[in-house]
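See structure below.
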Amino acid sequence: MGMFVSLTVAEDRCAREPACRECVQSCPVDIFTREAGGVARVVAEHEDECILCDQCMVRCPVEAVTLTKHY
């Protein structure tokens, strides 16, 4: 969990198709990663670099990404 924001990916909702990398590709500060065949994950050490652009949530086709502000 980041100090200022927390990003989560609902593993049960994340699109597992190899073609889906929307959150990974849309994030300008590389907060997300995704291994082939797996679900997207938050890179904890990058979480507080979030610039609140909301692109990860907007582009996720299954609405699996949630952003919580701690301020």
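Numbering starts at 1 and runs along the sequence shown.
- Closest non-hydrogen pair, V62 versus A15, comes out as CG2-N, 3.8 Å.
- In this structure, V43 and D30 have side chains that are not in contact, with every pair of non-hydrogen atoms separated by 4.5 Å or more.
- When all heavy atoms are compared, the tightest approach of I51 to P28 is CD1-CG, 3.6 Å.
- With sequence neighbours excluded, the residues that form a side-chain contact (heavy atoms from CB on, under 4.5 Å) with T8 are T66.
- Hydrophobic clustering places V42 together with V24 (ILVMFWY residues linked when any side-chain heavy atoms are closer than 4.5 Å, directly or through intermediates).
- By the criterion of side-chain heavy atoms lying less than 4.5 angstrom apart, applied directly or through intervening Ile, Leu, Val, Met, Phe, Trp or Tyr residues, L52 is grouped together with M57 in one hydrophobic cluster.
- Residues passing the side-chain contact (heavy atoms from CB on, under 4.5 Å) test with C27 are V29, I31, F32, sequence neighbours excluded.
- Distance check: C23 SG to R41 CZ gives 11.5 Å after rounding to the nearest 0.5 Å.
- In this view, Q55 satisfies the side chain to side chain donor-acceptor pair (under 3.5 Å) rule with no residue, not counting sequence neighbours.
- Contacts of E49 classified as salt bridge (charged side-chain N to carboxylate O under 4.0 Å, His left out), with partners at least two apart in sequence or in another chain: none.
- Here salt bridge (charged side-chain N to carboxylate O under 4.0 Å, His left out) pairs that include residues 61-71, with residues two or more places apart or in two chains, number zero.
- Nearest heavy atom pair, residue Y71 against residue F4, reads CD2-O, 3.5 Å.
- Pairs of residues two or more places apart, or lying in two chains, that qualify as salt bridge (charged side-chain N to carboxylate O under 4.0 Å, His left out) and include a residue from residues 50-61 are E22-R59.
- Both V9 and L67 belong to a single network of hydrophobic side chains, linked directly or stepwise wherever heavy atoms of I, L, V, M, F, W or Y lie under 4.5 Å apart.
- In this structure, E47 and L7 approach most closely via the heavy-atom pair OE2-N, 2.6 Å.
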